[in-house]
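One structure is given below, encoded as structure tokens.
Heavy-atom basis, side chains included; hydrogens, waters and symmetry copies ignored. In this chain, numbering begins with 1 at the start of the sequence shown. All values reported here derive from a predicted model rather than from experimental measurement.
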Amino acid sequence: MPRYLSMVRIDESTAPAEGPSPELMQRMGDLLEEITKAGVMLDTAGLLPSAQGKRVHWAGGELSVTDGPFTETKEVVGGYALMQCKDMDEAVEWASRFLKVHEEHWTVTCEVREIAEG
């Protein structure tokens, strides 16, 4: 069965400073439990803010390291899910359900990509 990586992109400029509400965390926990019981979820986690990250870049034979936050990027990867689904449609359905647990003031996108095997 194919595996899919869902990269959760958030707009850090509009995300609540205090983080997700307890209600959102409860809904997310319930959904993640359902995805896990369905045998789909292989791994998932949120990421710390970009201010605590580093970007490593290779161009023209030169390596550079930039400390976060990354001012040129409004949207950052805030988390991920590694899922095993029967097809892309199923992976997109789970990603859609994940987005719908968020309150309206969140700006969240899931980029879903099949993992190239072998």
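- Here the straight-line distance linking atom CG of D30 with atom CD1 of I35 works out to 11.0 Å at 0.5 Å rounding.
- Residue R113 holds its CZ atom at 9.0 Å from CE of M88, rounded to the nearest 0.5 Å.
- Contact check for C110 versus F98: side-chain heavy atoms found under the 4.5 Å cut-off.
- W106 places none of its side-chain heavy atoms less than 4.5 Å from the side chain of L99.
- When the side chains of ILVMFWY residues are joined at heavy-atom separations under 4.5 Å, either directly or via intervening members, I10 and M7 end up in two distinct hydrophobic clusters.
- Within the 4.5 Å cutoff, the side chain of L82 has heavy atoms near those of the I115 side chain.
- Distance check, rounded to the nearest 0.5 Å: CZ of R27 to CD of E23 gives 7.0 Å.
- Counting heavy atoms from C-beta on, the side chains of E90 and M83 never come closer than 4.5 Å.
- Under the 4.5 Å side-chain heavy-atom criterion for Ile, Leu, Val, Met, Phe, Trp and Tyr, V8 and L5 are members of distinct hydrophobic clusters.
- Between L24 and E103, the closest side-chain pair of non-hydrogen atoms falls below 4.5 Å.
- In this structure, Y4 is not a member of the same hydrophobic cluster as M1, with clusters built from ILVMFWY side-chain heavy atoms closer than 4.5 Å.
- Put simply, the residue from Q84, E114, E117 that forms a side chain to side chain donor-acceptor pair (under 3.5 Å) with R3 is E117.
- Grouping the Ile, Leu, Val, Met, Phe, Trp and Tyr side chains by contacts below 4.5 angstrom, directly or via other members, places V101 with L32.
- Looking at L31 and E34, their side chains come closer than 4.5 Å, going by heavy atoms from C-beta outward.
- Nearest heavy-atom pair across A95 and S6 is CB-OG, 4.3 Å.
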